[in-house]
> 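Sharing a structure, written as structure tokens. Questions coming.
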Number of protein chains: 2
Amino acid sequence: MKNKNIDIYTIADKAGVSKSTVSRVLNNKEDVSARTRKKVLEVINELKYRPNSSAKGLASQRTKTVGLVVSEITNPFFSMFVKGAEDKAMEENYNIMLANSNWVVEEELKCIRMFEEGRVDGILMISGGGSDLLNNYLNNLANKDTPLIVVDRKLDNEEIPKVNVNNIAAAFKGTRYLIELGHEKIAFVRGDDVAASAASVDRVRGYREALQKFNIENEIIEPGFFDREEAYQATEKILSSHKDITAIFYASDMMAVGGLKALDKAGLKVPDDVSVLGFDDIELASIIEPALSTLKQPRYQMGYLGMEKLINKLEGKPKEAYAEDVIFELELIERESTRAIK
Amino acid sequence: MKNKNIDIYTIADKAGVSKSTVSRVLNNKEDVSARTRKKVLEVINELKYRPNSSAKGLASQRTKTVGLVVSEITNPFFSMFVKGAEDKAMEENYNIMLANSNWVVEEELKCIRMFEEGRVDGILMISGGGSDLLNNYLNNLANKDTPLIVVDRKLDNEEIPKVNVNNIAAAFKGTRYLIELGHEKIAFVRGDDVAASAASVDRVRGYREALQKFNIENEIIEPGFFDREEAYQATEKILSSHKDITAIFYASDMMAVGGLKALDKAGLKVPDDVSVLGFDDIELASIIEPALSTLKQPRYQMGYLGMEKLINKLEGKPKEAYAEDVIFELELIERESTRAIK
DNA sequence: TGAAATATCGGGAGCGTTCCCGATTGTAAA
DNA sequence: TTTACAATCGGGAACGCTCCCGATATTTCA
């Protein structure tokens, strides 16, 4: 049934050279004459030979694949991140091993452990929960020999290169924007519970700092857990206890969409009666009616850059090529859901 | 720096057994006494040993990983598919190697070739283009020894198990639904060019067949290339040449969203003036205003089932467990964008 | 022309497993 | 007690590659 695999020896025989030479042309080494290289290449093509990557991995101790763990591939934030990472990996001829943690720490751990079985030269991780268990594990990993790059996640290990987003500044910028538009009653619908997401905490902080800076006393914060439905309810709650609200800042576009619905149901017009500001700039933000003003996260770039750093590290590039942390500042995108107060 | 890898021998020494025995407990073989198994397990835990999967792959000729190629991970249709596939793979302790083809055939080929390098036990593919080049290649693959399962793609190779969607019936159902609502002037905005997507062709066919069945002569078909912008323009075109249109059926929800915008701009109300029917049932369909009536594709199930079949095949399960093709029938979801004609 | 330097190649060991076969021990039946 | 058989284990070869070292062929320069 399964005919004998053609291996490097088969090629060597047919080309009249040794396996070493075949290996050399396979890896574009210098020590081969043009003539023999050509001949070997011909045989390779003729026999449709494909090097066995397990053997290669075993012999070279490198697999040319990296592990990618995300919380929820279905979420546009993450899928765009994956695309960026994938593009860069493809460029450099690296493979990607994908793992989806579904937001649960145990699965995240399971993914990483799988990756540790030498299948993967390094790991790129994004967001996810922030349990001590996991963080400890990650710290350990870094001290061993699996290179790791972490995106959008708080970790106080200096050894682990990070690419982050300046959530504090972004939330500050968004809030200030609303204030400069003349709003004074500004609610903030935050994301997840404190422990689970550092990003969420930082955004709350940015909101607070802006209020303080501009001497606005009345802070109104309601949890929305990065969920549309929850944000809907949060909005209703805000509306009922603060009739005079004129702007709501949501920590994600998805939540803003939920908010829009609640506002509509309450008979409030956006942006005439209340301004709505989102966060993320997912595709939906420009599709929805009214189009959402929002803080744009460079999702694709985060993936691309994260992967670039990881590969640089794997390829033994100088430290500057990966070790330095990067922090993205977010751009404010003005669309139709916000306007100056009359 | 990098301390010597702990391998099966290290464990064997420390546990006072041979490497074969360690291998046996690693693979849950029978021929080990409870006592030695326990001891070996202890040592493994103590040393945090992780088997090297390259070596394992080389020796066993199996990698326990499958390749997954999708056209565009960012597209909700595909990301949900990936999630389904990923879930099943995780359940069975398989790894997933992800490749994103960006809709271009050459990249699709490149992905498959990468997978051929023994990294992967089998391949799961979805949609994508339909070039002869690729189809030939796939046929070859199947005749060789890389198991392949194909989802939502036309391929006339009986050896390749397929999971498909009954696009003809679905488009027929959608069109009939519109007709039964009293519509007679029904336009269809189709997807891609004929060559590129079999699904698109089938949907056109279903639309046509329904019109014929109910003796409606005036078929109106405009290309929208599965793109929001294109669908916007297609809609404008339809509107200008067919003032009396009362319903438009889009071959994807994304296109329907583009259509909604065009309709709005033209001052037409949905569903009062014209009914809009989508296809896919992506999340957006229920978010948008008005919520889209649509044909629901079982995206998650397609991924899950495809992966299940693939793994069944890899695990040497009996033929019934994977060889039989499956065809999903689509459910019509009624929401707000369609209504009976007055 | 000869020696030294260089380009080109081959062979062997090793990467960390699995798997087969045979050895050893223990146990039950005769 | 002897024999047969099962349970348990160890050793060696193989998987297909890389990498180092040394051998040979070719060129270069004095």
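Order of the sequence lines sets the chain letters (A, B, ...), proteins ahead of strands, with each chain counted from 1.
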> How would you list all residue pairs meeting salt bridge (Lys or Arg N to Asp or Glu O under 4.0 Å) that involve residues 87-98 of chain A, not counting sequence neighbours?
A:Lys88-A:Glu91, A:Lys88-A:Glu92, A:Lys88-A:Glu308

> List the residues meeting side chain to side chain donor-acceptor pair (under 3.5 Å) with A:Thr74, not counting sequence neighbours, and say none if there are none.
none

> Only counting residues at least two apart or in another chain, list the ones meeting ring-ring contact (aromatic ring centres under 6.0 Å, His included) with A:Phe115.
none

> Could you verify whether a donor N or O on one side chain and an acceptor N or O on the other, from B:Asn139 and B:Asn157, lie under 3.5 Å apart?
yes

> Tell me every residue that passes side-chain contact (heavy atoms from CB on, under 4.5 Å) with B:Val104, counting only those two or more places apart in sequence or in another chain.
B:Asn102, B:Glu106, B:Glu107

> Looking at residues at least two apart in the chain, or sitting in another chain, which of them share a side chain to side chain donor-acceptor pair (under 3.5 Å) with B:Ser33?
B:Thr36

> Mind running a 4.0 Å heavy-atom check of residues 21-33 of chain A against DNA chain C and sending the residues that fall below it, in number order?
A:Thr21, A:Arg24, A:Asp31, A:Val32, A:Ser33

> How far apart are the C-alpha atoms of B:Lys309 and B:Val163, what are their side-chain angles, what is the distance that settles it, and do they pass the side chain to side chain contact (heavy atoms under 4.5 Å, CB included) test?
CA-CA 9 Å; B:Lys309 277 172 174 285; B:Val163 358; 4.2 Å; yes

> Using residues 315-328 of chain A as the side-chain source, report each donor-acceptor pair under 3.5 Å to any protein atom, sequence neighbours left out, with the distance given to one decimal.
unit_1: A:Glu315; atom_1: OE2; unit_2: A:Tyr94; atom_2: OH; d: 2.7
unit_1: A:Lys317; atom_1: NZ; unit_2: A:Asn312; atom_2: OD1; d: 3.3
unit_1: A:Asp325; atom_1: OD1; unit_2: A:Lys162; atom_2: N; d: 3.0

> At the 4.0 Å heavy-atom cut-off to chain B, mark where contacts on DNA chain D begin and end, going 5' to 3'.
D:dT8 to D:dG16

> Got a sec? Which of residues 34-60 of chain A come in under 4.0 Å of DNA chain C, heavy atoms?
A:Thr36, A:Leu58, A:Ala59

> Distance-only, no hydrogens or angles: does the A:Arg119 side chain make a donor-acceptor pair with backbone N or O of B:Thr63 under 3.5 Å?
yes

> Take atom CZ of B:Arg62 and atom P of C:dT18, then tell me their distance rounded to the nearest Å.
12 Å

> Could you give the angle between the helix axes at the two ends of the helix from C:dT1-D:dA30 to C:dA30-D:dT1, with five pairs per end, rounded to 10 degrees?
40°

> Which residues pass the side chain to side chain donor-acceptor pair (under 3.5 Å) test with A:Lys29, sequence neighbours left out?
none

> Once salt bridge (Lys or Arg N to Asp or Glu O under 4.0 Å) is applied, what residue pairs with a partner in residues 44-58 of chain A remain, sequence neighbours excluded?
A:Lys14-A:Glu46, A:Arg50-B:Glu116

> Under 4.0 Å: is that the gap between some side-chain N or O of A:Gln61 and OP1 or OP2 of C:dG16?
yes

> Please assess A:Ile149 against A:Ile123 for the test side chain to side chain contact (heavy atoms under 4.5 Å, CB included), listing each intermediate value before the final yes or no.
CA-CA 6 Å; A:Ile149 306 263; A:Ile123 299 179; over 6 Å; no

> For A:Lys83, is there an ion pair with B:Glu72 - N to carboxylate O distance below 4.0 angstrom?
yes

